[in-house]
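Atoms within each ligand, like the ligands themselves, are counted from 1 in listed order.
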Amino acid sequence: DIVWYTESMHAGIPVIILDRHRLQVGYSQKPGLELAVVSVPSYACQRHTPLLHHNITLTDALSILAENAELGENEGRGVAFRRAAALLKSLPQEVRGAEQLRGLPCLGEHSLRVIKEVLEDGVSHEVETTTHSEQFKAMKALTGIFGVGAKTADRWFKEGIHTPSDLQRSGHTLNRAQRAGLQYYDELNLPVTKSEAVAIGQIVERAVHAVLPGAEITLIGGFRRGKQTGHDVDFLITHPDEGREEGLMPKVVSWLEAQGFLLYQKTTGNSYLESKEGPARPASNMDRFERCFSIFRLSTDNEGREIQTGNGPRSWRAVRVDLVVSPYSQFPFALLGWTGSKLFERELRRWAVHEKAMTLSSHALYDRKRTLYLRASSEEEIFAHLGLEYIPPCDRNA
Ligand code: DCT
Ligand code: MG
C-alpha cells in the first residue's frame with residue numbers, strides 16, 4: 001500500500017517522492033520502509049482535480065455534510081467539508097485505509113472522522129442521519145425551487161412547509177422567479193445534458209449574432225470543465241471591439257423573446273467601474289457584469305423526447321440558462337471566474353490574498369504591494385501573475 005507522507009523528512013534514507021507532476025527526492029526516517037511518497041499542495045488551485053476520480057464514496061459522503069452545512073448557513077463548516085472532498089478528488093489512487101492520509105493537508109478532525117467511518121463501515125452515521133432528516137430533505141426540496149435561497153426555505157420549513165406542493169397550497173405570495181421556479185420545478189431539477197447545452201448554445205449564438213455580428217460566445221461553468229450534465233448552462237459573451245458589447249443584453253433578450261425562446265428572464269446591468277471599485281474591496285465572488293438569469297424553452301423534437309407534465313406530455317423542456325457579458329479587456333478574468341468549480345474559484349481568491357497579497361475577481365487582478373492592476377490576455381497569464389502552474393479547465397473540478 002502507498003503511504004502519502006508529507007511531514008518534513010530529515011535524516012534518513014533517500015526515497016523518491018512521486019507526485020503526479022513532479023519527481024523529487026525526499027528522506028525517509030524509517031530505513032527499510034518502502035514509501036511511495038506524494039506531496040500534495042494545500043490549495044485546490046495548485047492541484048489537478050479531474051472530473052473522474054478514485055474516491056467517489058468518500059467525496060459523496062463529505063459533499064452531503066457540506067450541503068447540509070450550507071443549507072444551515074454555516075459557510076465555514078461547508079467550506080471545510082468541500083476542501084476535504086476536493087483533496088480526495090485530487091489523489092492519484094483510491095484511499096483504502098486512514099493511515100494513507102497521514103500528513104495530507106485540508107483534512108480536519110471532523111472530515112477525518114467521517115472518512116474513517118466510511119472506510120471501516122462503508123457508511124457514516126452522521127451522513128445517514130442527515131440524508132434521512134426531515135429538515136435536510138425539506139431544505140433541499142425548497143431550495144431546489146429556482147429563486148428560493150436557504151433563508152427563505154428555512155422560514156417556510158419552520159411554518160411546516162416541506163415540499164413545493166406544500167408551498168403551492170400555502171397561499172404565500174411568491175416573486176416572479178419563484179413562481180416560474182414552482183411552475184417548472186420538475187424540469188429544472190432534471191439534469192441538463194451536454195447535447196441540450198450545445199442546442200441552447202446555437203440559439204444563443206443566433207440571437208447574439210443577429211444583434212451584434214462579430215461577438216464571441218463561450219460555454220462556461222461545468223460544461224467547460226468537461227461535465228456531461230449540469231443544473232444550468234452558462235455562457236460568456238464579449239466583442240473584440242471594446243465598448244461594442246455595452247447594452248448588448250437587452251437586445252439579445254428582446255430577440256430571444258420575440259422568437260419565443262424565453263419562459264423567464266431577469267437582466268441586471270453592468271455596474272463595475274474600476275475607478276470606483278477601489279482595490280481595497282475584499283475579494284468577492286459576486287461580479288458586476290451585465291447578466292441575464294433565464295429559463296429557456298428548448299424543443300425536444302430533435303431527440304424525439306416528450307416531457308411528462310401534470311397537463312400531459314409536451315415536446316419542449318424548460319432549461320436554466322445564465323448569460324454574462326464582459327468587456328474584452330476583462331474577458332480572461334471573467335472566463336477564469338466563471339469556469340469554476342465554486343471551490344476552485346474560492347481557492348484562487350484565497351491564494352491571491354494570502355500568498356500573493358493580490359485581489360482577484362472576475363473583473364481584474366490587483367497587486368496590493370505594487371499598487372497596480374495586472375493585465376492579462378489569457379487565463380494562462382493570470383495563473384502566471386499568481387505564481388501558479390496553469391491548470392486547464394478539465395482539471396478544475398475541485
Ligand atoms: N461561481 C462562483 N461562485 C459562486 C457561483 C458561481 O465562483 N458563488 C462560478 C463558478 C462556476 C460558475 O460560476 C457557474 O456557476 P454554476 O452554474 O452554479 O456552477 P457549475 O459549475 O456550472 O455547476 P452546474 O454544472 O451544476 O451548473
Ligand atoms: Mg452551471
Side-chain angles (χ1 to χ4, degrees), residues 43-45 49-52 59-60 63 66-67 69-71 73 75-76 78-79 82-83 85-86 89 140 143-151 177 181 187-198 200-201 204 217-237 268 282-296 298 318-326 330-353 359-365 379 382 391-398:
Y43 286 82
C45 55
T49 313
L51 197 54
L52 299 175
T59 57
D60 279 356
S63 300
E67 202 178 356
E70 287 154 5
L71 289 171
E73 293 188 83
E75 196 187 345
V79 171
R82 297 260 176 231
R83 282 210 191 107
K89 290 179 194 173
K140 256 186 89 90
T143 54
I145 304 170
F146 173 61
V148 178
K151 259 196 188 66
E187 288 158 73
L188 294 184
N189 281 290
L190 222 58
V192 184
T193 64
K194 181 72 200 274
S195 62
E196 286 170 332
V198 170
I200 300 268
V204 172
I217 298 119
T218 310
L219 182 61
I220 46 174
F223 287 112
R224 182 161 185 253
R225 302 196 308 275
K227 283 179 69 178
Q228 288 305 304
T229 59
H231 95 284
D232 67 358
V233 197
D234 311 286
F235 294 98
L236 182 58
I237 304 162
T268 54
S284 156
N285 57 7
M286 288 305 291
D287 56 56
R288 252 74 42 88
F289 289 119
E290 199 175 25
R291 181 169 175 186
C292 177
F293 303 88
S294 73
I295 302 177
F296 264 57
L298 179 67
V319 181
R320 272 274 299 115
V321 177
D322 276 357
L323 305 176
V324 184
V325 175
S326 132
Q330 294 170 24
F331 179 79
F333 297 97
L335 183 63
L336 179 58
W338 275 84
T339 296
S341 68
K342 284 187 189 83
L343 185 75
F344 191 90
E345 301 297 338
R346 181 185 266 273
E347 293 280 280
L348 273 176
R349 293 189 296 261
R350 192 166 70 94
W351 168 272
V353 170
T359 309
L360 174 68
S361 75
S362 295
H363 298 279
L365 178 63
E379 286 183 319
I382 306 174
I391 308 285
C394 64
D395 279 338
R396 295 181 205 160
N397 287 290

Quiz item: Just which atoms of ligand 1 are under 4.0 Å from any heavy atom in Gly222?
Solution: 20 (P), 21 (O), 22 (O)
Self-check item: Proximal atoms of ligand 1 relative to Asp232 (non-hydrogen, under 4.0 Å)
Solution: 17 (O), 27 (O)
Quiz prompt | Short side-chain to backbone donor-acceptor contact, Thr59 and Ala85, under 3.5 Å | solution = no
Quiz prompt | Numbered atoms and elements of ligand 1 in range of Gly221, under 4.0 angstrom, heavy atoms | solution = 22 (O)
Exercise. Would you confirm whether Ser361, through its side chain, and His363, through its main-chain N or O, come within 3.5 Å as a donor-acceptor pair?
Key: yes
Quiz prompt | Heavy-atom pair of closest approach, residues Glu379 and Thr339 | solution = OE2-OG1, 4.1 Å
Quiz prompt | Within reach of ligand 1, part of Asp234 (heavy-atom separation under 4.0 Å) | solution = side chain
Self-check item: Heteroatom distance test (Glu345, ligand 1): nitrogen or oxygen, under 3.5 angstrom
Solution: no
Quiz item: Does ligand 1 have a heavy atom under 4.0 Å from the side chain of Lys227, from its backbone, from both, or from neither?
Solution: side chain
Quiz item: Does any N or O in the side chain of Thr143 come within less than 3.5 Å of the main-chain N or O of Ala150, such that one atom is a donor and the other an acceptor?
Solution: no
Practice problem: Using a strict cut-off of 4.0 Å, indicate which atoms of ligand 1 neighbour a heavy atom of Gly230. | Solution: 25 (O)
Quiz item: To which of Arg320, Lys342, Arg346 does the heavy atom nearest atom 6 (C) of ligand 1 belong?
Solution: Lys342
Practice problem: Output the list of atoms in ligand 1 that are nearer than 4.0 Å to some heavy atom of Gly337, sorted by atom number. | Solution: 7 (O), 9 (C), 10 (C)
Quiz item: Short N/O distance, under 3.5 Å, between Arg349 and ligand 1?
Solution: no
Exercise. Pull out every atom of ligand 1 sitting under 4.0 Å from any heavy atom of Gly340, numbered as shown with elements.
Key: 10 (C), 11 (C)
Quiz item: Can you check whether Thr339 has an N/O within less than 3.5 Å of an N/O in ligand 1?
Solution: no
Practice problem: Tell me, please, if Asp322 has any N/O/S atom, main chain or side chain, under 2.8 Å from the Mg ion (ligand 2)? | Solution: no
Quiz item: Which angle, to the nearest 10 degrees, do you find at the Mg ion (ligand 2) between OD2 in Asp234 and OD1 in Asp232?
Solution: 100°
Quiz item: Any idea which atoms of ligand 1 are less than 4.0 Å away from a heavy-atom of Arg225?
Solution: 21 (O)
Self-check item: Lys342 and Glu345 ion-paired at < 4.0 Å
Solution: no
Self-check item: Any donor-acceptor pair under 3.5 Å from Arg320 side chain to Ser294 backbone
Solution: yes
Quiz prompt | Under 3.5 Å: donor-acceptor pair, side chain of Asp322, backbone of Asp232 | solution = no
Quiz prompt | Non-hydrogen atoms of Ile391 and Cys45 that approach each other most closely | solution = CG1-O, 3.7 Å
Self-check item: ligand 1 N/O within reach of His231 N/O, cut-off under 3.5 Å
Solution: yes
